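Report on the following structure.
Each chain gets a letter, A, B and so on, in the order the sequences are listed, and its residues count up from 1. This structure is a prediction, so every number in the text was calculated from the model and none was measured.
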Amino acid sequence: MSDIKVRFAPSPTGYMHIGNTRTAIFNWLLAKKLGGKFMLRIDDTDKERSRKEYEDAIRESLTWLGLKWDEEARQSARVTRYQEVTARLLAAGRIYPCYETAEELDIMRKKLMTKGLPPIYDRSALKLTAEQIALYEKEGRKPHYRFKLIDGDIVWNDLIRGECRYDAAKLGDPVIIRADGSYLYHLPSVIDDFDFGITHIIRGEDHVTNTAAQIQMFEAIGGKTPVFGHLPLLTGAEGKLSKRLGSVGVLDLREQGIEAMAICSYLTKLGTSDAIEPFYDLQSLADTLDFNKLGRSQPKFSEADLAHFNTHLVRNMPYSFVADRIDSDETFWNAVRGNLTIVSDYKQWKNICRCAVTPIIEDAAFLSVAAELLPAEPWNEDTFSSWINEIKNRTNRKGKDLFHPLRKAITAMDDGPELKILLPLIGYSRVHSRLNGIAA
RNA sequence: GGUCCCAUCGUCUAAUGGUUAGGACAUCACCCUUUCACGGUGGUAAUAUGGGUUCGAAUCCCGUUGGGAUCACCA
């Protein structure tokens with residue numbers, strides 16, 4: 001067993017959407033491909049916004065997608081560990097207290113912006129005298145804490161973007177502890193990745209500057225930095241990384257009949273040079289994972305395309321894949337799958353085969369001839385074509401004029417699987433009655 | 001505004017200095033199925049823009065334009 005370990009670290013502040021899901025899938029597939037482990041970490045450092053309901057939904061989403069996790073942790077349970085590390089970094093001067101209020105910081109940022117300067121914290125807290133600090137404390141101000149970045153280039157070799165280089169001086173020291181003593185995500189994330197032995201981190205491109213800061217945190221706590229890979233962000237049809245995209249929830253998609261494997265296949269192939277094609281199990285999808293095939297530009301995600309792709313996947317879906325979900329046999333499935341849009345549409349065809357259907361009669365005379373000629377069971381492979389030939393000879397009809405009325409009478413539908421295949425599934429008695437205009 | 005990233009058919013992308021600029025999805029046409037769908041075969045369709053470098057540029061360099069990310073006491 002390799003000691004490869006990856007993690008998916010959602011904050012339970014919302015449902016799983018297309019963006020989240022994509023990073024979960026990539027991490028999971030990487031673990032699978034390298035024979036490593038996949039860890040679920042609940043990043044619930046934001047008490048205000050975290051909710052149990054979301055956490056449950058995330059678990060349900062992952063389970064439905066088939067992304068099983070080998071290990072689990074939650075940040076709210078590890079605060080003492082974070083405090084331990086914090087004390088050490090504080091003593092080492094890598095963490096320092098600040099007394100500005102949120103409003104003051106906001107004003108500072110705006111000032112810098114209007115001057116055309118980057119809105120980066122000026123580290124004035126480092127110049128505070130003991131007296132000034134005492135004054136703030138007396139006022140009742142509680143400090144928040146920042147992590148002090150060391151000047152110089154931060155460089156890493158990104159799995160997706162190649163060599164990345166950031167000048168720490170242009171980054172700004174991140175706040176890591178709030179005035180109320182609670183942690184922000186940066187440092188706990190690093191401590192966890194270190195403690196749990198995370199070797200690879202795949203996340204969205206929106207994290208690149210965080211990565212730069214976090215690399216210094218890994219160094220500060222004496223840990224080896226994991227391998228990073230930053231995925232280009234998905235955009236909506238209109239280019240922007242729209243809010244709509246964030247609202248496309250996986251559970252909603254499931255509700256609409258989108259298959260888990262359609263989501264997994266589509267999301268891992270979108271933005272790569274591979275064809276977007278259906279995969280029916282995650283292992284074979286994992287075998288094809290190759291970060292070199294990912295482009296660097298932002299692919300557009302389209303719900304309509306996904307739905308279309310899903311239909312394609314359903315129409316080629318092997319019976320084994322649906323066997324435990326539908327109450328029909330393989331013959332039936334193979335007969336109808338080519339006409340489905342979503343799996344649950346099979347019920348409609350099942351009803352046509354096994355329940356009463358009111359036929360659509362457009363030409364009663366023609367249909368009664370067809371009924372008259374319908375051979376008795378048992379039917380064999382040739383029954384259908386010889387029957388059709390009989391009708392053709394008797395009525396002089398062919399092509400659409402011949403088939404369409406039959407189809408409408410027998411199935412009450414405009415289209416569907418080949419009649420030849422469908423007929424034996426419906427049976428003589430129903431076919432005969434329907435041709436005569438009788439619901440059966 | 002600082003920093004970083006990106007720009008090839010409608011869409012996702014290939015072509016790492018020399019190709020009739022390739023593939024996949026979509027679309028269109030045809031074929032098959034004596035019907036629709038499924039399936040098969042073909043077609044239409046692209047290098048944002050201006051300068052360089054070079055015998056030769058989608059490819060390298062600079063500018064322009066456009067798009068995105070980040071610069072939170074969110075993650």
Subject >> Parallel, tilted or perpendicular: ring planes of A/F228 versus A/H230, cut at 30 and 60 degrees >> reply: parallel

Subject >> Proximal nucleotide (of B/rU13, B/rC71, B/rC73) relative to the A/L184 side chain >> reply: B/rC73

Subject >> Side-chain-base donor-acceptor pair under 3.5 Å for A/N210 and B/rA75 >> reply: yes

Original post:
Reckon A/R407 touches a base, only the sugar-phosphate, or nothing at all at heavy-atom distances under 4.0 Å?
Top reply: base

Subject >> Whole-Å distance separating the CG atom of A/D415 from the C1' atom of B/rG39 >> reply: 16 Å

Original post:
Expressed in angstrom and rounded to an integer, what is the separation of A/K110 atom NZ from B/rC71 atom C1'?
Top reply: 14 Å

**OP:** Would you indicate what A/G172 reaches in the nucleic acid, counting non-hydrogen atoms under 4.0 angstrom: base, sugar-phosphate, or nothing?
**Re:** nothing

Original post:
Heavy atoms under 4.0 Å, any strand shown: does A/H207 hit a base, just sugar-phosphate, or nothing?
Top reply: base

**OP:** Report the C-alpha separation of A/Y96 and A/Y145 in whole Å, then their side-chain angles, then the decisive distance to 0.1 Å, and conclude whether the ring-ring contact (aromatic ring centres under 6.0 Å, His included) test is met.
**Re:** CA-CA 5 Å; A/Y96 62 95; A/Y145 293 83; 8.8 Å; no

Original post:
Where is the tightest heavy-atom contact between A/P232 and A/P299, given as atom of each residue plus distance?
Top reply: CB-CD, 4.4 Å

Original post:
Under 4.0 angstrom, heavy atoms only, what part of the nucleic acid is A/E418 near: base, sugar-phosphate, or nothing?
Top reply: base

Original post:
Touch check for A/T272, heavy atoms < 4.0 angstrom, all strands: base, sugar-phosphate only, or nothing?
Top reply: sugar-phosphate

Original post:
With respect to the side chain of A/K170, which nucleotide from B/rC73, B/rU3, B/rG1 is positioned closest?
Top reply: B/rU3

**OP:** Determine the contact category for A/E277: base if any of its heavy atoms lies under 4.0 Å from a base atom, sugar-phosphate if only primed atoms, P, OP1 or OP2 are that close, otherwise nothing.
**Re:** nothing

Subject >> Proximal nucleotide (of B/rG2, B/rG1, B/rA75) relative to the A/M113 side chain >> reply: B/rG1

Original post:
Where the side chain of A/S11 is defined as all heavy atoms beyond and including C-beta, which of B/rC73, B/rU13, B/rA75 is the nearest nucleotide?
Top reply: B/rA75

Subject >> B/rA26 OP1/OP2 closer than 4.0 Å to side-chain N/O of A/H308 >> reply: yes

Subject >> Polar side-chain atom of A/T272 near backbone of A/L294 as donor-acceptor pair, under 3.5 Å >> reply: no

**OP:** Over 60° means perpendicular and under 30° means parallel, so classify the ring planes of A/F384 and A/F403, tilted if in between.
**Re:** tilted

**OP:** Could you check whether A/L171 gets within reach of a base, just the sugar-phosphate, or nothing at all, counting any heavy atom under 4.0 Å?
**Re:** nothing

**OP:** Please list residues of residues 330-341 of chain A whose heavy atoms come under 4.0 Å from any atom in RNA chain B, ordered by number; otherwise none.
**Re:** A/G338, A/N339

**OP:** Compare side-chain N and O positions of A/R165 against OP1 and OP2 of B/rC4 and report whether any pair is under 4.0 Å apart.
**Re:** no

**OP:** Side chain of A/R146 only, please: which of B/rU35, B/rG39, B/rC73 is the nearest?
**Re:** B/rC73

Original post:
Touch check for A/V208, heavy atoms < 4.0 angstrom, all strands: base, sugar-phosphate only, or nothing?
Top reply: nothing

Subject >> Selection from B/rG1, B/rA75, B/rU35 that lies nearest to any side-chain heavy atom of A/D43 >> reply: B/rA75

**OP:** Mark yes when over 12 heavy atoms from residues, nucleotides or ligands other than A/E53 sit less than 6.0 Å from its CD; otherwise mark no.
**Re:** yes

Original post:
Any side-chain heavy atom of A/W387 within less than 4.5 Å of one from A/W379?
Top reply: no

Subject >> Pair A/F218 and A/F194, ring centroids less than 6.0 Å apart >> reply: no

**OP:** Could you work out which one of B/rC73, B/rC38, B/rU34 sits closest to the side chain of A/R315?
**Re:** B/rC38

Subject >> Residue A/K400, side-chain atoms from C-beta onward, closest of B/rU35, B/rG39, B/rU13 >> reply: B/rU35

Subject >> Test item: A/I388 and A/K420 side chains (from C-beta on) under 4.5 Å apart, heavy atoms >> reply: no

**OP:** Tell me what A/K420 touches on the nucleic acid: a base, only sugar-phosphate, or nothing, going by heavy atoms under 4.0 Å.
**Re:** nothing

**OP:** Remember a base hit wins even if backbone is also touched, and classify A/T45 as base, sugar-phosphate or nothing at under 4.0 Å, heavy atoms.
**Re:** sugar-phosphate

Subject >> Minimum-distance nucleotide (side-chain atoms of A/Y166 versus B/rA75, B/rU3, B/rC12) >> reply: B/rU3

Original post:
Please give, in whole Å, the distance from B/rA75 P to A/R178 CZ?
Top reply: 5 Å

Subject >> Options B/rC5, B/rU34, B/rC71, nucleotide nearest the side-chain atoms of A/R161 >> reply: B/rC5

Original post:
Does a side-chain N or O from A/R296 land closer than 4.0 Å to OP1 or OP2 of B/rC5, or not?
Top reply: no

